[in-house]
2 protein chains.
Amino acid sequence: MRVITIKDISKKCGVSPATVSKALNGYGDISEATRELIQKTAQEMHYLPNAAARQLKTNTSHNIGIVYVDQTGSGLAHEYFSGVIDSAKEEAEKSGYDITFISSSIGYGSYVEHCRYRKCDGVLIVSDDFMSRQVQELVNSEIPTVIIDYIFDGHSSVLSKNVDGSYALTKYLIGKGHRKIAFIHGETTSVTSKRLSGFYNACSEEGIKIPEDYMIEARYHDPSASAEATRKLMMLRTPPTAIMYPDDYSYLGGMMELERLNLSIPEDVSVVGFDGIHLSQVLRPKLTTYYQDAPKIGKISAKKLIHTIEHKKTSVAEELEIPGKLLIGGSVAQI
Amino acid sequence: MRVITIKDISKKCGVSPATVSKALNGYGDISEATRELIQKTAQEMHYLPNAAARQLKTNTSHNIGIVYVDQTGSGLAHEYFSGVIDSAKEEAEKSGYDITFISSSIGYGSYVEHCRYRKCDGVLIVSDDFMSRQVQELVNSEIPTVIIDYIFDGHSSVLSKNVDGSYALTKYLIGKGHRKIAFIHGETTSVTSKRLSGFYNACSEEGIKIPEDYMIEARYHDPSASAEATRKLMMLRTPPTAIMYPDDYSYLGGMMELERLNLSIPEDVSVVGFDGIHLSQVLRPKLTTYYQDAPKIGKISAKKLIHTIEHKKTSVAEELEIPGKLLIGGSVAQI
DNA sequence: CGATAGTTCGAAACCGATTTAGAATAAAAG
DNA sequence: CTTTTATTCTAAATCGGTTTCGAACTATCG
């Protein structure tokens, strides 16, 4: 049998299509009796609204785009981002929104155009590269956006309590007796500057002065960049006794490099990460790191985005900070 | 300014909307001159077709659904599945297909209904649970499907060369002198039976008889199931010298359990996994495992699905086997 | 009882494209 | 110069809903 449309129901019920539409969409000017009849009939006939028709007329798709750009090319394999996306998806679905990936812009001029073509009601931006023209253009477009792990003025962001996280890690290291602490930090972004200030706060509280060559920039999620930074650090006249990595994934590069240099963790050098992905907890020694609550971040950002979509006028931009947790492993030695 | 429609272009060019549509879609009955004019104008005006309108009329969405069910609840965090999905996405986008997640059926009766509502031209099924009614229903629907890691009669599947993989692993163990090999294998599925036959082939070639209690079923991607199985195995009067795990992720459970039992790898017991996810290669010792070419699997399945969609009548169901690779780590001892 | 208000419903326009069937014109043939 | 054929274009229907505005009817009120 053909696909059931609103017209089929209207015939069966002896009412007009307009009435059916209203009955199904909870309009007030339909009597209880006909509403029930129509709903029952729709059920019986396995009626399924036509998303395209609805979208065409209402100009909303109940679709959320996810822009996920991963410069390092490891795809969805980043556990942290995967976690965020996955839980955002779940949350969105609860409100009847589906997820469409806007990762690529092939065939369209840009992300914005891709979103417009698919009429995404809103977009979640999870990216490694917020500086790209395409992302900028998207953020400045008419499409509601929520941004993960980055701050754009006048837009809502969701991120971890980065200051706290990095502060906690630093404090922990200091508590273990470390004074010569190196920080391999990510490229300059709003997140990085927060982590830096957490770091400096902790240091200055303890009266510790960090030499300049202990601070090295290395791209997030890029093990080889962190490997190189690690090498540089350990080559210094006075190498650090502890290294903070931009993230757990990057730490893998450091780990390998230390292996190559025949240095063992934590005997020769202590390390901490950031993210608390599953991976970090199965390494030996277990990595001491700051857990970012990816599920919560995803959930909150979906909620915020949907709220923004559905209350365009009243909704205001917010910067939402989600608490994480210090995970203590065995990667830091007492000295 | 408003969104540009085909009508705006038609006005500007002094032709009918019909002509514009045809010019833009490569119909033959349009003169070169007008076609060029129209295309240029469309460019200039930043025309973007309305996906909904097109979909409504043509009844195709250029949208591919991905059903990803993850019973274990770890979401997209499974690196293998993430890899498959990610590369399928990339491939699909090359052909102008977008990806919509059909993971949930909340708000719809079922996956099929969800797909029908969004008018997915086809569906990629990546699941932990192919026995579920919903998946069955979807596979038996009118919607073209390609299935990852499972075989449904009359449908296309893409999977690794499981027989070879498990054969290679077993052979490797035997080559290292192992005779007492236990196999913690996944639940009964087409994939599992292939892996079992690869295993038995290798064993019988070498004249090795595996006792029944060396064969334990444990759910795929369930570390705790594998942990329990590991415990059982090591409690046997004559425990195995080597254990094969259903997959790398499950191995983590085994790893922890062996740690708890104070057994070291590979000195006390040798282990191998299956999947070759990144994780397995940063563990120490590095896990010996069979790498499944997730990117290739994703790519091929997207290709096959799109081909099926675009050549419904001529396309035939295929079972595509993608070769993987034995990754030799340090988790197997010579005895 | 006529006027007014309130309920319930339907006609019709509309969203933006695609596509069929045929019109108009030009070119070729007789 | 008429007829045929090819070429290029358009009118109009259509996809399946939503929504406005008014019609029809019933109930309420003075």
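Throughout, protein chains are lettered first and strands after them, A, B, ... in sequence-line order, and every chain is numbered starting at 1.
Looking at residues two or more places apart in sequence or on another chain, you find a side chain to side chain contact (heavy atoms under 4.5 Å, CB included) between A/Lys296 and A/Asp293, A/Ile300, A/Ile322. Annotation: side chain to side chain donor-acceptor pair (under 3.5 Å) contacts of A/Ser301 (sequence neighbours excluded): none. Under the salt bridge (Lys or Arg N to Asp or Glu O under 4.0 Å) criterion, A/Asp29 pairs with A/Lys22, sequence neighbours left out. Scored by the salt bridge (Lys or Arg N to Asp or Glu O under 4.0 Å) test, B/Arg54 finds no partners at all (sequence neighbours excluded). Here A/Asp149 pairs with nothing under the salt bridge (Lys or Arg N to Asp or Glu O under 4.0 Å) rule; sequence neighbours left out. Legend: residues meeting salt bridge (Lys or Arg N to Asp or Glu O under 4.0 Å) with B/Lys94, ordered by chain and number and at least two apart, are B/Glu91. The side chain to side chain contact (heavy atoms under 4.5 Å, CB included) test applied to B/Thr34 returns B/Ile30, B/Ser31, not counting sequence neighbours. In this structure A/Glu142 satisfies the side chain to side chain contact (heavy atoms under 4.5 Å, CB included) test together with A/Arg116, sequence neighbours excluded.
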The contact string for nucleotides 21-28 of chain D, one letter per nucleotide 5' to 3', using protein heavy atoms under 4.0 Å with B, S and - for base, sugar-phosphate only and none, comes out as B-------

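Between the C1' atom of D/dG16 and the CD atom of A/Gln55 lies a distance of 13 Å, rounded to the nearest Å. Residue B/Tyr27 contributes atom OH, which lies 16 Å from atom P of D/dC9 at whole-angstrom precision. Look at NE2 on A/His62: it is 13 Å from C1' on D/dT18, rounded to the nearest Å. Put simply, CD1 on B/Ile30 is 15 Å from C1' on D/dA6, counting in whole angstrom units. The CD1 atom of A/Ile9 sits 12 Å away from the C1' atom of D/dG16 (whole-angstrom rounding). As rounded to whole Å, 7 Å separates atom P of D/dG16 from atom CG of B/Leu56. Between A/Asn59 atom CG and D/dT18 atom C1' the separation is 12 Å, expressed in whole Å. Atom pair B/Asn50:CG and D/dG17:P shows a separation of 17 Å (rounding to whole Å applied).
Of all nucleotides in DNA chain C having an atom under 4.0 Å from a heavy atom of chain A, the first and last in 5' to 3' order are C/dT8 to C/dG16.
Residue B/Thr19 is classed as a base contact, given a heavy-atom separation below 4.0 Å to a base. Within 4.0 Å (heavy atoms only), B/Val20 reaches no atom of the nucleic acid at all. Using a 4.0 Å heavy-atom distance criterion, B/Ser21 is classed as a base contact.
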Please report, to 0.1 Å, the donor-acceptor pairs under 3.5 Å made by any side chain of residues 38-47 of chain A, with sequence neighbours excluded.
residue: A/Lys40; atom: NZ; partner: A/Glu44; partner atom: OE2; Å: 3.4
residue: A/Thr41; atom: OG1; partner: A/Leu37; partner atom: O; Å: 2.6

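Aromatic ring orientation, A/His62 versus A/Tyr97: parallel (interplanar angle below 30°, classes split at 30° and 60°).
Donor-acceptor pairing under 3.5 Å is recorded for the side chains of A/Thr100 and A/Asn63.
The stretch residues 32-43 of chain A comes close to DNA chain C through A/Thr34, each having a heavy atom under 4.0 Å from the strand.
The side chain of B/Ser16 places no N or O atom within less than 4.0 Å of a non-bridging phosphate oxygen (OP1 or OP2) of D/dA11.
Side-chain N or O atoms of B/Ser157 include one that pairs as donor or acceptor with a backbone N or O of B/Tyr150 at under 3.5 Å.
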